Amino acid sequence: MPLYTSQPLKIYNSLSGEKEDFKPIHEGNVGMYVCGPTVYSNVHLGNVRTFMSFDVIFRYFLHLDYKVRYVRNITDVGHIVDDVDEGEDKIAKKARLEQLEPMEVVQRYTVDFHDILKAFNFLPPSIEPTATGHIIEQIEIIKKIIDKGIGYVANGSVYFDVVKYNETNNYGILSGRNIEDMLANTRDLDGQSDKRNPQDFALWKKAEPEHIMRWPSPWSDGFPGWHLECTAMSTKYLGNHFDIHGGGMDLKFPHHECEIAQNEACTGQSPVNYWMHANMLTLNGKKMAKSTGNNILPGEILSGDNNILSKPFSASVTRFFMLQAHYRSILDFSDDAIVAAEKGYKRLMEAVETLPSITAGNTSSIDFGAWKQLCYDAMNDDFNTPILIAQLFEAVRYINLLKDGKETISTEDLASFTAAVNAFVFNVLGLSDEKNADEDDKLEGVVNMLIGMRNQARADKNFALSDQIRDQLIALGIQLKDGKEGTTFSIQ
Ligand code: AMP
Ligand code: ZN
């Protein structure tokens with residue numbers, strides 16, 4: 001039996017404001033779309049937090065034996081500076097400032113994004129579509145919205161008529177905003193805009209003559225709106241109605257609100273069953289953001305190269321730091337907090353490393369089955385990683401009792417306990433045991449140092465010493481091989 005049949009999951013749905021039982025549309029399958037990065041600069045640690053929240057959610061679904069199609073896009077066109085419609089495309093602006101082709105900007109920061117996610121042990125999504133690769137799909141959706149009388153063309157651009165839409169639907173259903181209030185609180189259009197109402201948003205923008213990122217369409221040579229690309233890519237790969245749509249809390253309005261409106265206008269149905277929003281990482285109490293400079297880059301954490309940091313921190317320590325907070329809580333970054341997380345991570349890993357040395361014996365007074373279920377209960381309660389981590393520290397206490405001979409464990413319990421600890425630590429939380437990797441690096445450094453000394457001895461014609469180094473390494477199971485490119489080694 002797949003694990004999900006015995007582990008019922010609850011998810012907090014931003015649309016209803018409640019925790020709901022998770023029921024996928026197709027039994028055993030999960031379709032999940034998460035808004036990806038706008039690739040015009042390096043991702044900061046705040047972005048990493050949101051993607052990590054969904055990485056753990058993805059990992060837990062897989063652990064429960066669901067078949068998951070996880071789609072996370074790359075926004076490589078259409079995201080306008082300040083998230084408004086009148087202004088410059090973020091990627092086009094960066095390209096102009098740096099005198100690069102827009103696609104050079106996209107390539108550079110897509111590679112950076114992938115490198116960072118790999119360094120932080122993220123699982124790759126099932127599909128990673130780009131907005132520029134789905135222009136035709138976006139044009140088709142715009143045509144449908146115009147046909148329904150909810151999109152209008154003005155001066156080569158196409159806008160979504162929010163007021164018209166709201167006559168039969170509820171614009172504000174996700175964010176809880178009220179359109180009358182919104183209209184009352186926004187200034188009248190200054191006559192510069194082609195929009196009928198300030199709340200209307202662009203589906204297609206006519207490109208200025210100097211704009212390179214442009215595609216032909218029935219309305220003008222131009223480019224698609226930001227909200228539209230996610231509608232096109234999510235429905236193309238997951239269908240008009242799918243299970244989960246996620247992103248950072250700051251995307252709820254207008255981005256996700258507009259996505260719902262586009263889908264409803266187009267297909268007459270709400271696209272998503274569960275809307276999930278991850279909360280922000282802050283620095284000095286303020287949201288980390290690219291635009292304000294109030295941020296830390298993931299590379300700076302790994303190198304320690306930022307005045308805020310007292311030293312470097314590993315990727316797993318950073319993961320552990322982030323997952324000690326629930327994904328819906330705000331998390332403030334500080335050096336003290338990550339130093340504390342490092343201590344916790346090391347304590348956990350030390351215990352996990354001693355697990356293989358524990359031997360089974362008599363039945364225990366500890367109820368390992370109940371402990372395991374508490375781990376599941378934590379994750380089944382809207383992916384509560386801090387409670388799961390608290391349970392893992394309970395496991396650390398058990399391991400220490402077993403190690404000190406103060407408790408015993410049956411063969412069956414030991415196998416199940418070991419499997420559960422490993423599954424939650426490595427598969428679900430995505431932590432790695434960096435001590436082993438660290439030791440490998442050190443060994444490589446020492447052997448390379450000896451190779452250097454042997455080369456020097458040979459250059460000095462001190463063959464007795466060079467042979468001694470080689471032979472003693474062989475005795476330790478380390479074989480040197482002299483080749484054209486220099487000396488390499490292998491460990492037997
Ligand atoms: P962007 O590249 O700006 O579209 O952002 C990519 C993702 O990172 C979105 O889901 C944002 O909501 C999220 N994000 C941006 N800033 C933060 C932050 N300070 N903390 C957590 N997530 C963030
Ligand atoms: Zn999106």
Side-chain angles (χ1 to χ4, degrees), residues 14 32-55 57 71-83 89-91 93-94 105-106 109-110 112-113 116-117 120 122 125 128-131 134 138 141 174-175 201 224-238 242 244-263 271-272 275-298 318 321-323 325-333:
S14 305
M32 176 163 88
Y33 184 88
V34 172
C35 294
T38 307
V39 281
Y40 73 104
S41 67
N42 301 98
V43 281
H44 57 69
L45 213 56
N47 304 129
V48 171
R49 182 184 182 206
T50 286
F51 296 125
M52 192 182 292
S53 299
F54 289 101
D55 181 59
I57 289 166
V71 184
R72 189 187 63 214
N73 74 297
I74 296 281
T75 295
D76 55 356
V77 70
H79 197 166
I80 305 292
V81 175
D82 294 331
D83 297 351
D89 178 289
K90 288 188 179 186
I91 287 154
K93 181 177 175 189
K94 181 80 167 192
V105 173
V106 164
Y109 295 111
T110 304
D112 171 75
F113 177 62
I116 297 295
L117 296 196
F120 285 81
F122 281 63
E128 194 173 50
T130 60
H134 296 76
Q138 295 177 73
I141 295 175
L174 178 66
S175 58
F201 56 89
W226 174 39
H227 314 310
L228 188 67
E229 63 185 60
C230 283
T231 296
M233 290 182 274
S234 59
T235 55
K236 170 150 183 158
Y237 298 109
L238 298 172
F242 56 95
I244 296 176
H245 192 314
M249 205 73 104
D250 56 343
L251 298 187
K252 209 192 244 187
F253 188 88
H255 187 52
H256 293 159
E257 193 72 66
C258 295
E259 272 191 57
I260 294 180
Q262 290 167 157
N263 274 288
V272 174
W275 282 92
M276 298 184 70
H277 290 100
N279 217 327
M280 297 291 110
L281 184 67
T282 59
L283 180 64
N284 302 314
K286 289 193 213 82
K287 180 187 163 191
M288 275 199 198
K290 288 173 196 168
S291 50
T292 58
N294 184 50
N295 65 57
I296 299 184
L297 299 181
T318 311
F321 161 72
M322 292 196 183
L323 298 176
H326 186 246
Y327 79 91
R328 282 192 292 114
S329 307
I330 289 177
L331 173 63
D332 194 51
F333 183 89

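When reading the values below, keep in mind they use all heavy atoms of this one structure, side chains included, and skip hydrogens, waters and symmetry mates. Because the structure is a prediction, the values reported are computed rather than measured. Note that ligands are numbered from 1 as they come in the structure, with each ligand's atoms numbered from 1 the same way.
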Item to check | Aromatic plane relationship, Trp275 with His256 - under 30° parallel, 30 to 60° tilted, over 60° perpendicular | outcome: tilted
Next on the checklist: Less than 2.8 Å away from the Zn ion (ligand 2), how many protein N/O/S atoms can be counted, ignoring water?
Outcome noted: 3
Item to check | Arg72 NZ/CZ over Phe51 ring centroid, <6.0 Å and within 45° of normal | outcome: yes
Next on the checklist: Under the rule for side-chain hydrogen bond (donor to acceptor under 3.5 Å, both in side chains), what residues qualify as partners of Arg49, not counting sequence neighbours?
Outcome noted: none
Checklist entry - For Lys93, what residues pass the side-chain hydrogen bond (donor to acceptor under 3.5 Å, both in side chains) criterion, not counting sequence neighbours? => result none
Would the distance check show the side chain of [X] and the main-chain N or O of [Y] forming a donor-acceptor pair, the cut-off being under 3.5 Å?
X      : Y      : result
Asn263 : Ile260 : no
Asp89  : Val77  : no
Asn294 : Lys286 : yes

Do any nitrogen or oxygen atoms of ligand 1 lie under 3.5 Å from a protein nitrogen or oxygen, and which ones?
unit_1: ligand 1; atom_1: 2 (O); unit_2: Thr38; atom_2: N; d: 2.9
unit_1: ligand 1; atom_1: 2 (O); unit_2: Lys290; atom_2: NZ; d: 3.2
unit_1: ligand 1; atom_1: 4 (O); unit_2: Thr38; atom_2: OG1; d: 3.3
unit_1: ligand 1; atom_1: 5 (O); unit_2: Asn47; atom_2: ND2; d: 3.4
unit_1: ligand 1; atom_1: 8 (O); unit_2: Asn47; atom_2: ND2; d: 3.0
unit_1: ligand 1; atom_1: 10 (O); unit_2: Gly248; atom_2: N; d: 3.0
unit_1: ligand 1; atom_1: 12 (O); unit_2: Gly248; atom_2: N; d: 3.4
unit_1: ligand 1; atom_1: 12 (O); unit_2: Asp250; atom_2: OD1; d: 2.4
unit_1: ligand 1; atom_1: 19 (N); unit_2: Leu281; atom_2: O; d: 3.0
unit_1: ligand 1; atom_1: 19 (N); unit_2: Met288; atom_2: N; d: 3.3
unit_1: ligand 1; atom_1: 19 (N); unit_2: Met288; atom_2: O; d: 2.7
unit_1: ligand 1; atom_1: 20 (N); unit_2: Gly46; atom_2: O; d: 3.4
unit_1: ligand 1; atom_1: 20 (N); unit_2: Leu281; atom_2: N; d: 2.8
unit_1: ligand 1; atom_1: 22 (N); unit_2: Gly46; atom_2: O; d: 3.0
unit_1: ligand 1; atom_1: 22 (N); unit_2: Thr50; atom_2: OG1; d: 2.6

Next on the checklist: Quick check on the 6.0 Å ring-centre criterion: do Phe321 and Phe333 meet it?
Outcome noted: yes
Item to check | Smallest separation among heavy atoms of Gln138 and Gly225, with atom names | outcome: OE1-O, 4.1 Å
